[in-house]
Amino acid sequence: MSLITTPHGFSTTADEVAAEHDLTGKRAVITGAASGIGVETARALARAGAEVTIVVRDPVAGRAAAEDVAATTGAEVRVAELDLLDLGGVRRFAAAWRGPLHLLINNAGVMAVPELRRTPEGWERQFATNHLGHFELATGLHDALAEAGGARIVAVSSSGHHASPVVFDDLHYEHRPYDPWSAYGQSKTANALFAVEATRRWSGDGIYANSLMPGGIMTNLQRHVPAEVRAEWSRDPVLKTPQQGAATTLVAALSPEFAEVGGKYLEDCAESPVIADDAETTPVGGGVRRWALDPEAAERLWEVSRRLLDDAA
């Protein structure tokens, strides 16, 4: 089968994608939307008429982002305080949601935490934040997504997934040396696998999920990356602006080419080619590893995640 393409590409902005849609009456939840591509995603959706709720760990930053979006679009954005590591809070947020939810955009994340940090449950922090918190949020909002009819989930992954598959025998670095990039890579592979299995389980309910690589963008996500590495990255000629980085999120969320389509991995506003697990890639982009779309790994990850979260309840 040929890869799914759209009229958009590397330089497209989120506003340009959203301008093609009237989202009046549509409701969206975006995690981690206080800055970076998250706030640009919120801006584009709000400008197109969606009712947007941004879910943020820092309510002060969240309110500032909402005010910024309102100033540029005239649209009110709701702010909900939520730490993805606070499972009780995640469950309460999902339980309190009323009415349909058309778009769930799992955008929040942490990158390359330098030392091994564990949650109170004993989970490695990047895996817990980037995957498990979003998994619990999405499953908790399942009924609201189903009520919408044709809902879409967008999981923001990364080319960082090239660094590691999900290592089921040692998810939380109990037996292997901790490496910040392999831990980040494992969590980003998990984001893509979630989209595969969510689509398999929920497409009958009208819910489809896709993952994506937004591109190389300098944001607060890189706060744990050493300064000299950030400086080197900032000179990369293929860097995108946050508005350009959010465009692929908007394509996955809105474009007709991805209606009733799930389990795909996108980059530069189109479906990404699948490459072998041992293939060489460029630092930014370069396709999606087979291990990130493996249906058996996706099903196993879902079952493992559900068991971890149920045991922690």
Side-chain angles (χ1 to χ4, degrees), residues 23 25-34 38 41-42 45-46 50-63 65-66 76-110 119-123 125 127-156 187 190-191 193-195 197-211 253 262 298 301-313:
L23 301 182
K26 304 295 185 182
R27 305 172 79 199
V29 167
I30 310 169
T31 67
T41 299
L45 291 175
E51 177 188 309
V52 177
T53 299
I54 61 173
V55 179
V56 297
R57 185 176 55 185
D58 181 347
V60 174
R63 287 192 293 271
E76 179 183 357
V77 171
R78 301 179 182 183
V79 180
E81 181 181 356
L82 181 63
D83 186 337
L84 288 167
L85 294 179
D86 176 8
L87 298 177
V90 172
R91 291 166 184 145
R92 287 190 295 274
F93 175 87
W97 186 269
R98 295 291 180 268
L101 177 61
H102 303 84
L103 297 172
L104 173 60
I105 299 176
N106 293 336
N107 170 81
V110 293
T119 68
E121 297 82 7
W123 303 333
R125 192 176 185 89
F127 186 80
T129 302
N130 297 348
H131 169 62
L132 289 172
H134 281 127
F135 179 92
E136 189 74 335
L137 180 64
T139 54
L141 290 170
H142 168 270
D143 291 352
L145 292 160
E147 184 179 345
R152 301 194 201 185
I153 302 173
V154 180
V156 178
S187 73
N191 292 153
L193 291 175
F194 165 79
E197 185 64 6
T199 298
R200 187 185 75 83
R201 289 176 181 251
W202 293 350
S203 59
D205 300 321
I207 304 168
Y208 296 85
N210 290 292
S211 61
L301 177 64
W302 189 286
E303 293 170 350
V304 167
S305 301
R306 185 70 271 153
R307 185 164 59 251
L308 286 170
L309 288 160
D310 287 347
D311 288 345

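Just so you know, these numbers come straight off a predicted model, no measurement behind them.
Applying the side-chain contact (heavy atoms from CB on, under 4.5 Å) rule to A46 yields the partners V52, V69, T73, A75, V77; only residues at least two apart in sequence or on another chain are considered. Partners of E303 according to the side-chain hydrogen bond (donor to acceptor under 3.5 Å, both in side chains) rule, which considers only residues two or more places apart in sequence or in another chain, do not exist here. Taking the side-chain contact (heavy atoms from CB on, under 4.5 Å) definition, one finds that A298 meets it with L193, V196, E197, sequence neighbours left out. Scanning for side-chain hydrogen bond (donor to acceptor under 3.5 Å, both in side chains) contacts around T199 gives an empty result, with sequence neighbours left out. Contacts of F127 classified as ring-ring contact (aromatic ring centres under 6.0 Å, His included), with partners at least two apart in sequence or in another chain: H131, H172. Here S187 pairs with N130 under the side-chain hydrogen bond (donor to acceptor under 3.5 Å, both in side chains) rule; sequence neighbours left out. Contacts of V304 classified as side-chain contact (heavy atoms from CB on, under 4.5 Å), with partners at least two apart in sequence or in another chain: F168, L171, R300, R307, L308. Residues that satisfy the side-chain contact (heavy atoms from CB on, under 4.5 Å) test with A155, not counting sequence neighbours, are N191, S211.
Residues K26 and L45 have side chains not in contact (no heavy-atom distance under 4.5 Å, counting atoms from C-beta outward).
Classified by interplanar angle (parallel below 30°, tilted 30° to 60°, perpendicular above 60°), the ring pair W202/F194 is perpendicular.
Once rounded to the nearest 0.5 Å, the distance linking CD of E76 with OG1 of T53 reads 9.5 Å. Atoms CG and OG1, on D83 and T129 in that order, are 7.0 Å from each other to the nearest 0.5 Å.
Every pair passing side-chain hydrogen bond (donor to acceptor under 3.5 Å, both in side chains) that includes a residue from residues 134-147 is listed here, sequence neighbours excluded: T31-H134, R91-E136, E136-R306, T139-R306, H142-D205.
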Acceptor/donor pairs from residues 93-105 side chains to any protein atom, 3.5 angstrom cut, sequence neighbours excluded:
unit_1, atom_1, unit_2, atom_2, d
W97, NE1, G99, O, 3.1
R98, NH1, A95, O, 2.7
H102, ND1, R27, N, 3.0

